[in-house]
Amino acid sequence: MSDPGVSGRFGEFGGRYVPEALVSACEDLEAAYRDARSDPSFTQQLDHLLSVYAGRPTPVTPANRLSEELGVHLLLKREDLAHTGSHKINNVLGQGLLAQRMGKKRLLAETGAGQHGVATATIGALLGLDVVVYMGEADIQRQALNVFRMELLGATVVPVTSGTRTLKDACSEALRQWVTQVDEAHYCIGSTMGPHPYPWMVREFQRVIGTEARAQCAGLLRQGVPDVVTACVGGGSNAAGTFAGFVDTPARLVGVEAAGGAAMTDGLPGILHGFYSNILQDEDGQVREAHSISAGLDYPGIGPEHAGLSTSGRAEYVTANDEEVVSAVVRLARAEGILPALESAHALAWIIRAAESGEIPYGSTVLMTLSGRGDKDAEQLRRLV
Ligand SMILES: *Cc1c(COP(=O)(O)O)cnc(C)c1O
């Protein structure tokens, strides 16, 4: 998981499939990011805010009671304890500082469930940047509370009425809007997707998860490195950041997608939102909607680096269904007093299944990134448990 170079390819995946007007914007962004990451004043400022604002490092918690039940040694990387309740803040803080350094006045963002929108609105407020969030009209209706949170934080939420009025349409609209205002606006993409340099840059901003976890595991485990490292996968940013810390170890790397939105398992190679990767599509190549219990995993594509890691065999991608996800939430809540986000519970659902079937051998050590807290899902869970 190194620098994908100027072409931005992970094997055959990735690239930069954007309208002419955005090519130079992507090139400028790449140059600015390369310059920033090698500038100690930028990295120090980012590390400082990750610490005093976002609350890093997040701990690794041994899940003792659940470990005993499952016959594995389960460790949880606690991104739920980061400010705003998930890993999304790591990426948005990095991109916000970069936008400021590039002299941009405004952040544009897409959001589905509203979590990336809230994180962007938060960082806009912190850094004094205007924030405009594009959100499908259907999602605006479903996520009224998050719309209000964004507005409380000073952001403008713009309804997107094209297509199915959901996340993929919001992404398309944000890209279109960026074309018209590249000089003053930065498009703050929320996951390891989009045209180069985004998938690489977002993974690098999330690498802090894997770097911290690697050092924390070294202190907690006799053999230093867990046998299995796993995380849920929507666009793939929390998983990519986690895997980056362990890709050079013998650990088995497992990404868990939602069964109803499994771009790696059920998708075919194609181009969406500026990059080439596995995409859910019908026989005519039209993008299929993803549907799962967790809005944060309902993206019809997957980050190109994951498609590359799957092709090379270095990482595996599996799925978890809605039902086992809900029972995983309840199980973690009652065994450990931690209420995970529905997204994060996909990784736990796979661990439970694999430990019980013996696919993960008895006594194995398993590190799971708990990408976010479940408070946001309480209303939805109330109707299900
Ligand atoms: C957004 C989100 C995800 C999915 O995004 P990735 O880019 O795949 O990490 C997972 N968990 C939580 C809590 C989220 O908010």
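Counting convention: from 1, in listed order, for ligands and their atoms alike.
- An N or O contact shorter than 3.5 Å is missing between T192 and ligand 1 by distance.
- Taking a cut-off of under 4.0 Å to the non-hydrogen atoms of G234, the atoms of ligand 1 that pass are 8 (O).
- In this structure, R373 falls outside the shell of residues with a heavy atom less than 4.0 angstrom from ligand 1.
- Heavy-atom contacts of H87 reach the following atoms of ligand 1: 2 (C), 3 (C), 6 (P), 9 (O), 10 (C), 11 (N), 12 (C), 14 (C) (cutoff under 4.0 Å).
- Side chains of E137 and T161: a donor-acceptor N/O pair is absent below 3.5 angstrom, by distance only.
- Numbered from 1 in the order shown, with element, the atoms of ligand 1 that lie under 4.0 Å from a heavy atom of S237 read 6 (P), 7 (O), 8 (O), 9 (O).
- For atom 15 (O) of ligand 1, the closest heavy atom belonging to the protein is Q115 NE2, 2.3 Å.
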Item to complete: Begin with the C-alpha distance, continue with both residues' side-chain angles, and end with the deciding distance and a verdict on salt bridge (Lys or Arg N to Asp or Glu O under 4.0 Å) for E173 and R176.
Response: CA-CA 5 Å; E173 183 62 19; R176 261 197 297 276; 2.9 Å; yes
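- The closest heavy-atom contact to atom 14 (C) of ligand 1, among the options K88, H346, E343, comes from K88.
- The heavy atom nearest to atom 13 (C) of ligand 1, out of those in A119, S371, G241, is found in S371.
- The contact set between ligand 1 and G236, taken as ligand atoms under 4.0 Å from a residue heavy atom, comprises 6 (P), 7 (O), 8 (O).
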Fill in: Step-by-step salt bridge (Lys or Arg N to Asp or Glu O under 4.0 Å) determination, E30 to R34
CA-CA 6 Å; E30 180 182 351; R34 287 188 186 281; 3.1 Å; yes
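- A tilted orientation is assigned to the rings of F42 and F205, their planes being inclined by 30° to 60°.
- Side-chain contact check for T122 and T84: no donor-acceptor pair (N or O, by modelled atom type) lies under 3.5 Å.
- With contacts defined as side-chain heavy-atom distances shorter than 4.5 Å, the pair I338/R78 qualifies.
- For ligand 1, the atoms closer than 4.0 angstrom to any heavy atom of S191 are 6 (P), 7 (O).
- Counting heavy atoms from C-beta on, the side chains of H346 and E257 never come closer than 4.5 Å.
- Considering both main-chain and side-chain atoms, G372 never comes within under 3.5 Å of ligand 1 through any nitrogen or oxygen pair.
- Note: no N/O pair closer than 3.5 Å links G296 and ligand 1 by distance alone.
- Note: Y276 and Y17 have tilted aromatic rings, judged against thresholds of 30 and 60 degrees for the angle between ring planes.
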